[in-house]
Chemist: 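Pasting a structure here, questions to come.
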2 protein chains.
Amino acid sequence: MPPAAGTADAGKRGRSAAWLHAGSLRPTRQRLVLAELLVGDGRDRHVTAESLHEAAQDIGASVSLATVYNTLRAFCDAGLLTEVTVDGTRSYFDTRVDDHPHYYWEEEGRLSDAPNDAVQLVGEPVAPEGAEVARVDVVIRLRRRR
Amino acid sequence: MPPAAGTADAGKRGRSAAWLHAGSLRPTRQRLVLAELLVGDGRDRHVTAESLHEAAQDIGASVSLATVYNTLRAFCDAGLLTEVTVDGTRSYFDTRVDDHPHYYWEEEGRLSDAPNDAVQLVGEPVAPEGAEVARVDVVIRLRRRR
DNA sequence: CTCAATGCAAAGTATTTGCAACCGA
DNA sequence: TCGGTTGCAAATACTTTGCATTGAG
């Protein structure tokens with residue numbers, strides 16, 4: 001068992017480290033920085049590689065863009081994040097890993113969670129013969145009301 | 001190879017030409033070829049730029065890939081096609097322009113229409129303050145059943 | 001000490017754009 | 001003729017990869 005691993009400042013670091021641990025990923029400096037930015041305060045986040053890279057720079061942490069991409073991919077493979085496809089030109093990553101609907105603000109290219117009751121699906125989606133449903137993506141595309 | 005014809009078929013040409021006309025687009029040779037491949041038989045289609053380009057080559061028509069891209073974009077702008085984003089790495093274009101759910105076969109990267117009763121939305125999706133719903137994308141991701 | 005993780009730059013994809021030649025009305 | 005269209009190649013935007021270096025266990 002982890003010999004009471006460096007529980008120096010169990011506050012912030014605790015959550016990120018535990019999160020990485022849950023995905024069986026080594027807590028390297030870069031991963032801790034990114035994990036902290038993603039789940040540090042417990043709120044759900046929707047980021048792009050670019051936005052996360054900027055966020056890291058803003059707090060003075062140096063993580064290369066390639067590493068941000070690779071790390072997001074690793075987080076996804078470990079089941080810590082979900083990739084959401086809404087734009088075609090870039091990938092969004094969501095810290096919520098359950099199947100839920102999204103709002104996509106077209107003008108700003110911003111993604112956010114939609115309240116559970118924003119849409120209601122009746123029953124289970126039907127899968128054709130020989131296939132099974134892996135996931136149901138629901139994206140509510142929004143436009144500013146004029 | 002010999003100029004395999006000017007496609008002097010009134011029957012087929014009719015539908016494609018009318019379709020282009022509906023979008024106020026000039027019926028050029030390339031556009032007629034692509035339109036014919038898209039709506040020639042009246043069935044709904046889901047294509048990528050790449051797949052449509054191949055289809056054109058398969059029938060001996062020469063249309064450059066750049067033109068396929070530009071033309072698909074023009075068809076979309078004219079409201080003749082809808083762009084569907086499911087994969088992130090490529091764009092799909094659907095000849096059905098109404099809001100309807102899709103099946104996405106992950107292994108094959110194939111997109112198809114889902115029957116109307118595959119999913120049912122209850123009522124209108126809720127839009128947050130100051131915004132209105134532009135469209136609701138529903139993608140049922142499928143996996144081959146083992 | 002060992003092997004996974006990182007950083008950088010180069011390589012890939014998918015798509016768009018600049019511009020001269022072309023063609024449909 | 002004239003302006004919209006096409007084709008090609010070069011440019012773009014995003015993402016992945018090769019490889020030498022670094023660092024966690």
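So that the names make sense, note that chain A is the first sequence line, chain B the second, and so on, each numbered from 1. Note that this is a predicted model, so its numbers are computed, not measured.
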Chemist: Could you state the CD-P distance from B:Glu83 to C:dT16, rounded to the nearest angstrom?
Modeler: 8 Å

Chemist: Would B:Asp94 and B:His100 count as having a side-chain donor-acceptor pair, cut-off 3.5 Å?
Modeler: yes

Chemist: Please determine, for the side chain of B:Arg26, which listed nucleotide (C:dT6, D:dT15, D:dT5) has the closest atom?
Modeler: D:dT5

Chemist: Counting heavy atoms from C-beta on, name the nucleotide in C:dT15, C:dA5, D:dT6 closest to the side chain of B:Leu65.
Modeler: C:dT15

Chemist: Would you name the heavy atoms of B:Arg135 and B:Glu83 that are closest together and state the gap between them?
Modeler: NH2-O, 3.5 Å

Chemist: Expressed as a whole number of angstroms, how long is the span from A:Leu32:CG to D:dG25:P?
Modeler: 10 Å

Chemist: Which of these nucleotides, C:dG7, D:dT16, D:dG7, is closest to any side-chain atom of A:Val63?
Modeler: C:dG7

Chemist: For a salt bridge (charged side-chain N to carboxylate O under 4.0 Å, His left out) with A:Arg110, tell me which candidate from A:Glu108, A:Glu107, A:Glu106 qualifies.
Modeler: A:Glu108

Chemist: Checking the side chain of A:Arg141 only, and the main-chain atoms of B:Val133 only, is there a donor and an acceptor separated by less than 3.5 Å?
Modeler: no

Chemist: Classify A:Thr67 by what it touches in the nucleic acid, base, sugar-phosphate, or nothing, heavy-atom distance under 4.0 Å.
Modeler: base

Chemist: To the nearest angstrom, how far is B:Tyr69 atom OH from D:dG7 atom P?
Modeler: 15 Å

Chemist: Provide, to the nearest angstrom, the distance between the CG atom belonging to B:Leu25 and the C1' atom belonging to D:dT5.
Modeler: 11 Å

Chemist: Between D:dT17, C:dG7, D:dT16, which nucleotide has the shortest distance from any of its atoms to the side chain of A:Gln30?
Modeler: C:dG7

Chemist: Here's a test of your reading of the structure: between B:Thr48 and A:Arg31, which maps to the more 5' nucleotide of DNA chain C?
Modeler: A:Arg31

Chemist: Would you kindly give the CG-to-P distance between A:Leu20 and D:dA24, to the nearest whole Å?
Modeler: 13 Å

